[in-house]
Undergrad: 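Below: one structure in structure tokens.
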Amino acid sequence: MEKIKFITDTACDIPLSTALAQGVEEAPLTVTILGKSYRESYDISPQEFYDLCAQTKELPVSAGVNSTEYYSRLEKAWEEGYTAVCIVCINARGSVCYTSACHAREDFFENHPEAAGRLRVEIVDSRTYSIAYGIPVMKAARMAKNGKSLDEILSFFDDWFDRVEIYFCPLSFEFVRRSGRVSRTIAFVGDTLGIRPVIHIIEGKTAADAKVRGNGKIAEAMEKIAVSRMLPAGDYGILVGTPRDLAEDLERRLTAYTGHGPAVVESAGPCITINGGPQLVAFCCLSRTPRGEFGITGKLYQAAGTVAGAAVKTAAAAAGSVAKVGEELLKNVLNK
């Protein structure tokens, strides 16, 4: 029987205690705010980060997991007798984590040739964000404990990441303005009119699906999207910053629709908050049909030929995604 170690990163927004209970390690991303850097989840909680955000008009910044962090965890797994390591990373188009993990794997086998054929290391680009990859990693760890093979688990990941969708709504344009995703004018008009865009993230790409005026209609708009898109029997999760009442309303609606509660209801961590702001509510779910796009970013890496070349391509793709968000939000405001 395989002995599998699962490693992910803290941007998955699963609490460290929950991950550790499943035997899953989380490598920390770093956030810097008010001139001080913190390891996400290890040094600062979501609520503490929200409080700091309220004290500054400067946009906090984040940094991905470095290769040394992944390397040390691979060495530890090797020393502890694991036969396989599965690293699941935040979307490679939006972070260096995948590239860092690839570098770490290369360095590990270069320094430990005796591990070749004895330790299998698989690196999965989730192509998504937050609990949309946190949920399946926790489920995969339980599958391994129940005797499922790594190949079976990788097939599960293929299906999950080929179906998973995120829908989120920032209650304020402030953070998307600070990050450059929309102009000051668009942010001002959007906030003045009380426009709340519901935006999807699918395969790392973003676009606006709905727009409502005022907070009271957000949960209803999200419920309508779920009814049209969601696989009712599948796992889903809810992510929230400060608007807890909206998250509770959304949970009631989705539970009534699916007949079962969410897999998780978690707080949005610093890395997610930087992009959407503390005033955010979101849910992730599985679509009824797969998109048939297994390994989109994996194909990008193959085409690039090298990890370094892929990093350039993924950075360019991320820049294009940012521009798309701004364009769609602009349409939301002007078409209102």
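These figures come from a predicted structure and were not determined experimentally.
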Undergrad: As an exercise, state the distance from OG of Ser41 to CD1 of Ile14, rounded to the nearest 0.5 Å.
TA: 10.0 Å
Undergrad: Any side-chain donor-acceptor pair under 3.5 Å between Tyr129 and Asn275?
TA: no
Undergrad: Could you tell me which non-hydrogen atom of Gly234 sits nearest to which non-hydrogen atom of Leu286, and how far apart they are?
TA: CA-CD1, 4.4 Å
Undergrad: Given 3.5 Å as the limit, does a donor-acceptor pair link the side chain of Arg39 with the main chain of Thr30, or not?
TA: no
Undergrad: Just so I know, are the side chains of Phe156 and Lys148 near enough to count as touching, which here means a heavy-atom distance under 4.5 Å?
TA: no
Undergrad: Hydrophobic cluster membership, with links at side-chain heavy-atom distances under 4.5 Å among I/L/V/M/F/W/Y: are Leu20 and Met143 in one?
TA: no
Undergrad: Which is it for Tyr133 and Asp9 under the side chain to side chain donor-acceptor pair (under 3.5 Å) test, yes or no, and what are the steps along the way?
TA: CA-CA 10 Å; Tyr133 68 97; Asp9 53 70; 2.3 Å; yes
Undergrad: I'd like to check Thr128 versus Glu203 (side-chain heavy atoms, cut-off strictly below 4.5 Å). Are they in contact?
TA: no
Undergrad: How long is the straight-line distance from CD of Glu69 back to CG of Leu29, given to the nearest 0.5 Å?
TA: 10.0 Å
Undergrad: Any carboxylate oxygen within less than 4.0 angstrom of a Lys/Arg side-chain nitrogen, looking at Asp125 and Arg93?
TA: no
Undergrad: For Leu119 and Ala84, which heavy atoms make the closest approach, and how far apart are they?
TA: CD1-N, 3.7 Å
Undergrad: Can you hop from Leu150 to Tyr82 via hydrophobic side chains spaced under 4.5 Å?
TA: no
Undergrad: Return yes if some donor-acceptor pair links the side-chain N/O of Ser287 with the main-chain N/O of Thr289 below 3.5 Å, else return no.
TA: yes
Undergrad: Once rounded to the nearest 0.5 Å, what's the spacing between atom CG of Asp107 and atom CD of Glu75?
TA: 10.5 Å
Undergrad: Check whether Glu152 reaches the backbone of Ser149 with its side chain - one donor and one acceptor, N or O, closer than 3.5 Å.
TA: yes
Undergrad: For the residue pair Cys53 and Pro60, what are the closest heavy atoms and their distance?
TA: SG-CG, 4.4 Å
Undergrad: Do the charged groups of Asp209 and Lys224 touch, with an N to O distance under 4.0 Å?
TA: no
Undergrad: Is any side-chain heavy atom of Lys145 closer than 4.5 Å to a side-chain heavy atom of Gln22?
TA: yes
Undergrad: Determine the minimum heavy-atom distance between Tyr70 and Val65, stating which atoms define it.
TA: CE1-CG1, 3.5 Å
Undergrad: What pair of heavy atoms forms the shortest contact from Val240 to Tyr50, and how long is it?
TA: O-OH, 3.6 Å
Undergrad: To the closest 0.5 Å, what do you measure between CZ (Phe168) and NE2 (His200)?
TA: 10.0 Å
Undergrad: Report yes or no: do Leu16 and Val137 belong to one cluster of Ile/Leu/Val/Met/Phe/Trp/Tyr joined by side chain heavy-atom distances under 4.5 Å?
TA: no
Undergrad: Would you say the side chain of Val124 lies within less than 4.5 Å of the side chain of Cys86, judging by non-hydrogen atoms?
TA: yes
Undergrad: Side chains of Asn215 and Asp245, heavy atoms from C-beta outward: is any pair under 4.5 Å?
TA: no
Undergrad: Go through the steps to decide whether Leu74 and Ile87 satisfy the test side chain to side chain contact (heavy atoms under 4.5 Å, CB included), and finish with yes or no.
TA: CA-CA 10 Å; Leu74 286 175; Ile87 303 175; 4.3 Å; yes
Undergrad: Would you name the heavy atoms of Met222 and Ala282 that are closest together and state the gap between them?
TA: CE-CA, 4.2 Å
Undergrad: With a 4.0 Å cut-off, would you call Arg244 and Glu248 a salt bridge?
TA: no
Undergrad: Ignoring hydrogens and geometry beyond distance, is a side-chain donor-acceptor pair present between Gln47 and Asp51 at under 3.5 Å?
TA: yes
Undergrad: Nearest 0.5 Å, what's the CD1-SG distance between Ile123 and Cys89?
TA: 6.5 Å
Undergrad: Is any side-chain heavy atom of Ile218 less than 4.5 Å from a side-chain heavy atom of Val281?
TA: yes
Undergrad: Rounded to the nearest 0.5 Å, what separates atom CG in Leu239 from atom CD1 in Ile131?
TA: 5.0 Å
Undergrad: Tell me whether Glu40 contacts the main-chain N or O of Cys271 through its side chain, where contact means a donor paired with an acceptor under 3.5 Å.
TA: yes
Undergrad: Pair Leu246, Leu250 - check side chain to side chain contact (heavy atoms under 4.5 Å, CB included), show working.
TA: CA-CA 6 Å; Leu246 286 180; Leu250 181 61; over 6 Å; no
Undergrad: Would Tyr236 and His260 count as a close aromatic pair, with their ring centres under 6.0 Å?
TA: yes
Undergrad: Counting only N and O atoms by type, is there a donor-acceptor contact under 3.5 Å from the side chain of Arg291 to the main-chain atoms of Phe161?
TA: yes
Undergrad: For Tyr167 and Arg229, what are the C-alpha separation, side-chain angles and deciding distance, and is it a side chain to side chain contact (heavy atoms under 4.5 Å, CB included)?
TA: CA-CA 11 Å; Tyr167 296 89; Arg229 298 285 303 172; 3.6 Å; yes
Undergrad: Does some side-chain heavy atom of Ile90 sit less than 4.5 Å from a side-chain heavy atom of Cys12?
TA: no
Undergrad: May I ask you to say whether Lys76 pairs ionically with Glu25, meaning some side-chain N is under 4.0 Å from a carboxylate O?
TA: yes
Undergrad: Taking C-beta and beyond as the side chain, do Phe283 and Pro262 meet within less than 4.5 Å on heavy atoms?
TA: no
Undergrad: Where does the angle between the aromatic ring planes of His112 and Trp78 fall among parallel (under 30°), tilted (30 to 60°) and perpendicular (over 60°)?
TA: tilted
Undergrad: Can you establish whether the number of heavy atoms outside Lys3 located under 6.0 Å from its atom NZ is more than 12?
TA: yes
Undergrad: So, Thr8 side chain and Val88 main chain: donor-acceptor pair closer than 3.5 Å or not?
TA: yes
Undergrad: List the steps, then state whether side chain to side chain contact (heavy atoms under 4.5 Å, CB included) holds for Thr83 with Arg120.
TA: CA-CA 6 Å; Thr83 60; Arg120 179 180 177 184; over 6 Å; no
Undergrad: Hydrophobic cluster membership, with links at side-chain heavy-atom distances under 4.5 Å among I/L/V/M/F/W/Y: are Leu34 and Ile44 in one?
TA: yes
